[in-house]
Amino acid sequence: MGVKTVTYLTISKYRGRKLERPFFMRGAETVARELLGAVLVRTVNGVRRTALITETEAYVGAHDLACHASKGRTRRTEIMFGPAGYAYVYLIYGMYNMLNIVTAAEGDAQAVLLRSAEPMDDWDADLSGPGKLARAFHITLADRGLDITGDDLYIVKNPHYQLKVTATPRIGIDYAGEWTHAPLRFLGTQIQ
DNA sequence: TATAAGATCGCCT
DNA sequence: GGCGATCTTATAC
């Protein structure tokens, strides 16, 4: 597995359209691919922070043994069975929050994990991992169920701006049997 | 009520 | 490359 060495252009005047609920009401794989090159936006400590999404993973439903929803409909996974466009946040290893976005139809427990991003607009931050990304955007368990199409946390995409997409197996799911090697992790690299 | 393990990271050698 | 931190969740007793 190679180290990411691509340097992204700073797009300080990035403009795009805020993603509304229908965008998320599709399969997690499609949403995960199309989120590459989109921009995550949140105002943290009074400062508007933006980051170009460069790595995602799709968790495609209760039949996906890597997906937490494969354990069934529990208090933890309840949000994933709900409508699309809301945050599924959980704590891993006792210290890192993971930011996911619920996708697909209500009752179909799919979600996309945001794994890494490139800070934009002169923001000096390391967003090169899901724990670091969530920490920098101040995502915590208190944000479970947050509406991703609302005013607090949202995503903007310029359909004319595309990244080259590479698919690989997902990280850290060796327990997932036949699903361990499914190419559902997506990396976006700049097209020259 | 108790226990084991986890969609990670940072520090160590 | 290995390992410890730290706590929620699911599952077992």
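Values reported hereafter were calculated over all heavy atoms of this structure, with side chains retained and with hydrogens, waters and symmetry mates removed.
- For the pair A:Tyr93 OH and B:dG10 P, the computed distance is 14 Å after rounding to whole Å.
- On a pure distance criterion of 3.5 Å, a polar donor-acceptor pair joins the side chain of A:Tyr90 and the base of B:dA7.
- In this structure, A:Gly94 reaches the bases: a heavy-atom distance under 4.0 Å links it to at least one base atom across the strands shown.
- Minimum interatomic distance between A:Thr74 and A:Lys71 (heavy atoms only, all atoms of both residues): CG2-O, 4.2 Å.
- Atom CG in A:Leu133 sits about 14 Å away from atom C1' in B:dC9, given to the nearest Å.
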Inset, instruction - Could you walk me through whether A:His63 and A:Trp179 pass the side chain to side chain contact (heavy atoms under 4.5 Å, CB included) test, one step at a time? - result: CA-CA 9 Å; A:His63 60 292; A:Trp179 286 90; 3.5 Å; yes

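- In terms of phosphate contacts, A:Arg170 brings no side-chain nitrogen or oxygen within less than 4.0 Å of OP1 or OP2 of B:dT8.
- Contact record, A:Ile53 with A:Leu35: CB-O, 3.4 Å, taken as the closest heavy-atom pair.
- Taking the nucleotide of DNA chain C with the nearest heavy atom to each of A:Leu141 and A:Tyr96, the more 5' of the two is matched to A:Tyr96.
- For the pair A:Lys132 NZ and B:dC11 C1', the computed distance is 13 Å after rounding to whole Å.
- A donor-acceptor pair under 3.5 Å is absent between the side-chain atoms of A:Lys157 and the main chain of A:Gly37, judged by distance alone.
- Atom NZ of A:Lys164 is surrounded by 12 or fewer heavy atoms from other residues, nucleotides or ligands within 6.0 Å.
- Taking atom CG of residue A:Asp126 and atom P of nucleotide B:dT8, one finds them 15 Å apart after rounding to whole Å.
- Within residues 60-79 of chain A, the residues that have a heavy atom under 4.0 Å from DNA chain C are, in order of number, A:Lys71, A:Thr74, A:Arg76.
- Applying the 6.0 Å contact sphere to CZ of A:Arg17 captures no more than 12 heavy atoms from other residues, nucleotides or ligands.
- The minimum heavy-atom distance linking A:Cys67 with A:Gly61 is given by the pair CB-O, 3.5 Å.
- Atoms CG (A:Asn97) and P (B:dC9) sit 12 Å apart, rounded to a whole Å.
- In a base pair of the Watson-Crick type (N1 to N3 plus N6-O4 or O6-N4) or a G-U wobble (N1-O2 and O6-N3), with each distance short of 3.5 Å, C:dT6 is matched with no nucleotide.
- Nucleic acid contact class of A:Met95 (heavy atoms, under 4.0 Å, all strands): base.
- For DNA chain C, the contact window with chain A, defined by any atom under 4.0 Å from a protein heavy atom, covers C:dA5 to C:dT11 in 5' to 3' order.
- Using a 4.5 Å cut-off between side-chain heavy atoms of Ile, Leu, Val, Met, Phe, Trp and Tyr, with links allowed through other members, A:Leu114 and A:Leu141 fall into the same hydrophobic cluster.
- Counting heavy atoms from C-beta outward, A:Tyr88 and A:Arg76 have side chains that approach closer than 4.5 Å.
- Atom pair A:Leu91:CG and B:dA7:C1' shows a separation of 12 Å (rounding to whole Å applied).
- The distance between atom CG of A:Leu99 and atom P of B:dC9, rounded to the nearest whole Å, is 13 Å.
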